[in-house]
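Any value given below was found using the heavy atoms of this structure, including those in side chains, with hydrogens, waters and symmetry copies removed. In what follows, chains carry the letters A, B, and so on, assigned in the order in which the sequence lines appear, proteins first and then strands, with residues in each chain numbered from 1.
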There are 2 protein chains.
Amino acid sequence: MNYQIELRHFIYFLAVAEELHYRKAAEKLFISQPGLSTQIKQMEEILDTQLFIRDKKKVSLTPAGEFLKKEVEFILNHLEQTKKQLKLIGEGHMGEVRIGFLGSAMQNVVPNLLLGLKERYPKVHTTLEELSNRAQINAILADRLDLGFVRLSRVPIGLEVKPVFEDTFSLVLPEEHPLDKGNFKNINQVANEDFILFSQDYSPTYYDTVLSICEDGGFAPNVSHKSVHAQTIFKLVENKLGIAIVPTTLQYGFQMKVKFIELRKIKQRAVLSMVWKTDNRNPALQKCMDLLMKL
Amino acid sequence: MNYQIELRHFIYFLAVAEELHYRKAAEKLFISQPGLSTQIKQMEEILDTQLFIRDKKKVSLTPAGEFLKKEVEFILNHLEQTKKQLKLIGEGHMGEVRIGFLGSAMQNVVPNLLLGLKERYPKVHTTLEELSNRAQINAILADRLDLGFVRLSRVPIGLEVKPVFEDTFSLVLPEEHPLDKGNFKNINQVANEDFILFSQDYSPTYYDTVLSICEDGGFAPNVSHKSVHAQTIFKLVENKLGIAIVPTTLQYGFQMKVKFIELRKIKQRAVLSMVWKTDNRNPALQKCMDLLMKL
DNA sequence: TCTATTTGATAATTCATAATTATTGATTAA
DNA sequence: TTAATCAATAATTATGAATTATCAAATAGA
C-alpha cells in the first residue's frame with residue numbers, strides 16, 4: 001500500500017468534513033458511499049493520521065481533521081485561482097512584456113502603447129528600460145527583452161522589424177541664433193556651423209542619415225560633439241557649442257533655451273521601428289503587437 | 001475527455017519543467033517516457049493552456065508554464081509542510097515553525113525566541129537554517145520557511161516585515177591598531193584604511209548603510225574584501241588586511257584578536273527584522289509571533 | 001551526402017486501482 | 001421486537017495510467 005495523496009482525496013475529504021455524513025457527501029460528489037468510505041480510509045492510511053471519528057451514528061473531525069480542513073480549503077482555493085490566472089496568461093490577457101526603447105521613442109510611441117495596453121489589457125504588466133539600439137538587439141536575442149523600439153534599418157536573422165513611426169528631422173538652434181522659421185530656406189545655410197550629433201554606435205542609422213542630409217545640402221558637417229542623450233545635446237546647443245539635427249518629436253518633453261526648425265522639404269525621415277524575436281511565444285507580446293498595428 | 005487535474009500531474013510537470021527533457025524527467029520519476037508525454041499533454045488539455053514548447057529537439061516553458069512552475073513549487077512545498085504539521089497535530093503536538101536567520105541574529109534574538117518557545121509552548125517544534133537575506137525571502141515565498149530574520153528595508157508584496165532588534169554599529173580593528181576607545185573621536189580617522197564588508201548580495205541594506213556611515217564621515221571607503229561570514233571578516237581584520245564595520249552584537253560569540261569600538265554617535269542602526277508571509281496560517285507561527293512581540 | 005543517434009509522439013496492450021453493486025453488522029427509533 | 005439508517009466490507013467491473021514497441025523528425029558525425 002504505497003499510494004500517494006491526490007487532489008481527489010482532498011475533494012472527497014472536504015465533502016465529508018462539510019457534511020459530516022458519508023452518504024450525503026457521496027451523493028454530493030456523485031459517487032457511491034462505499035467508494036467514498038474506502039478513499040477516506042486510504043487517505044488516513046497515507047497520511048498516517050486519523051481524520052474522522054466514526055462514533056455511534058455520528059461522524060466528527062479530529063483536531064488533525066479540523067486543521068486539514070482549513071488547509072484543504074486553502075489549497076483548493078489557491079488552485080482555482082491559479083488555474084484562472086494560468087488561462088489568462090495563456091491567452092495573453094495577463095503577464096509581462098519587457099520593453100526596451102530609445103529615449104526618442106518616449107515622446108510618442110511608447111506612451112501611446114502603454115496607455116492602450118492599460119486600457120485594453122489592464123492585467124498585462126510592462127517593464128521599461130531605456131537602451132541603445134545595440135543593447136536592445138542583444139537583450140532581445142538573449143531573451144531579456146520582448147520588444148524593442150529602435151532606429152535601425154537592418155537586424156540580425158531571427159529578429160523581425162517593423163516601422164511604427166516616421167518622423168521628420170528638425171534643426172536645433174540656440175534661441176539667439178539669427179536663423180528662424182521665417183528666414184530659413186535651405187540646410188546649406190548652416191554648412192559652416194559645428195554639429196552635435198548622437199554617437200554612431202548609439203544609432204548608426206541616425207548618424208548616416210544626418211550625414212546624408214548634409215551631403216544633399218552640398219556640404220560635409222563639422223561634427224564637434226557626440227552624445228547619447230538628447231538632454232546633453234540640447235544643453236550643448238543652448239550653450240552655443242554647436243547646432244543639432246534630431247527627430248522632430250524630440251522637441252517635446254524638454255525645457256531648454258533652444259528653437260526647432262522642422263526640415264519638411266528634405267526626403268530623409270527618422271524611422272522608429274519595433275523589433276522582436278521571430279519565435280517569441282509570449283502571448284502578451286502578441287496582444288501588444290496587435291495594439292501597435294492599430295495605432 | 002473530462003478529466004481532472006491531479007497532484008501527479010503537478011509532480012510530472014515540475015520534473016519536465018526542471019529537466020526540460022522528457023526522457024531525463026521520466027527517468028527521474030521512474031516512469032516511462034511515453035507515459036510522461038501523454039500525462040503532460042493531458043494536463044495541457046485539462047488546463048486548456050500550452051505549457052511547453054517542443055521545438056526542434058528543445059523543450060522550453062511558455063510564459064504560462066513559467067508561471068505554473070512557480071505555483072506548483074509553492075503548492076507542493078505547502079503540501080509537504082501540511083502533511084508534517086498534520087502528523088504532529090495527530091500525535092498531540094502543536095506543529096512546527098521553520099525559521100531562517102542571518103548569522104548575526106544568532107547572537108541575540110533567535111536564541112531568546114527559542115528559549116521562550118520552549119518554555120511557553122514546549123510542543124512547538126522548530127527547525128533552524130542560516131540563510132542569506134535573499135534565500136530567506138525566496139524560501140518564505142515558496143513556503144519552505146515560516147519566519148525569517150533579515151536585514152532588509154523592503155520586501156516583496158505578500159510578505160510582512162517588522163523590526164525586532166536595533167543594534168548600533170561597531171568598528172572592528174586589529175588588537176594592535178593605534179586607535180582605541182580612548183582616542184577615537186570620529187569615523188574619518190579611519191578614512192584611509194582598507195575596509196572588509198559583508199557582500200552586497202548577502203545584505204544590500206547593510207552594505208548601503210555602511211557606505212552612508214562613511215559618507216557622513218566625509219569619505220568613500222576603500223573596500224578591499226567582501227565576505228558572507230563574520231568569522232572570515234574578523235579573521236581578515238586580525239591579520240591586518242583591513243578594518244570592518246559590523247553590527248555591535250556580532251562581537252559576542254567569537255574569539256578573535258580584534259577590538260570593537262562602538263559607534264554610538266552615528267545615527268545609523270543595524271535593524272534586524274522578522275519577515276513572514278501575510279497569509280501563512282501555520283498556528284504554531286502565530287504563537288511564535290505573540291512571543292516575539294513581548295520580547 | 002548518408003548513416004547512426006537522439007528526440008518526443010503514437011498505437012496497442014497490460015495492469016493497477018477507483019468505483020460500483022450487493023451485502024453485513026451496528027445502532028437507533030418506533 | 002422490527003424497521004430504518006448508518007458506515008464498513010467483499011466481490012466485481014470499468015477506467016485510465018503505465019508499459020512496450022514503434023515512428024517521424026532532427027541532429028551530429030563520418
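Ring geometry, A/F52 versus A/Y22: the interplanar angle exceeds 60°, so the pair is classed perpendicular (tilted spans 30 to 60°). Using bins of under 30°, 30° to 60° and over 60° for the plane-to-plane angle, the ring pair A/Y121/A/H93 lands in the tilted bin.
The separation between B/Q42 atom CD and C/dA9 atom P is 14 Å, rounded to whole Å. What separates CD of A/E27 from P of D/dA7 is a distance of 11 Å, to the nearest Å. Nucleotide C/dT24 holds its P atom 15 Å from the CD atom of A/Q33, rounded to whole Å. If you measure from atom NZ of A/K58 to atom C1' of C/dA26, you get 16 Å, rounded to the nearest angstrom. Here C/dA18 presents its P atom at 5 Å from CZ of A/R8, a figure rounded to the nearest Å. Taking atom CG on A/L36 and atom P on D/dT9, their separation rounds to 14 Å, with Å as the unit. Rounded to whole Å, the distance from OH on A/Y12 to P on C/dA18 is 9 Å. The distance between atom CD1 of A/I40 and atom C1' of C/dA19, rounded to the nearest whole Å, is 14 Å.
Annotation: B/K28, atom NZ; neighbour count of heavy atoms from other residues, nucleotides and ligands within 6.0 Å is above 12.
Each of A/G35 and B/T38 has a nearest nucleotide on DNA chain C; the 5'-most of these lies closest to B/T38.
When each of D/dA17, C/dG8, D/dT20 is scored by its nearest atom to the side-chain atoms of B/Y3, the top-ranked nucleotide is D/dA17. Among the nucleotides D/dA17, D/dA8, C/dT10, the one closest to the side chain of B/S37 is C/dT10. Listed candidates were D/dA7, C/dG8, C/dA9. Nearest to the side chain of A/R54 is D/dA7.
B/K41 has a side-chain polar atom (N or O) that falls below the 4.0 Å cut-off from OP1 or OP2 of C/dT10.
Contacts of residues 17-25 of chain A with DNA chain D (heavy atom under 4.0 Å): A/H21, A/Y22, A/R23.
Within the 4.5 Å cutoff, no side-chain heavy atoms of B/M274 are placed close to those of B/L113. Side-chain contact check for B/L88 versus B/E96: some heavy-atom pair is nearer than 4.5 Å.
Defined by atom type and a distance below 3.5 Å, a donor-acceptor pair is missing between the side-chain atoms of A/R281 and B/S60.
Taking the charged nitrogens against the carboxylate oxygens, B/E44 and B/K41 have no contact shorter than 4.0 Å, which rules out a salt bridge.
With hydrogens and angles ignored, no donor-acceptor pair closer than 3.5 Å exists between the side chain of A/Q39 and the base of C/dA19.
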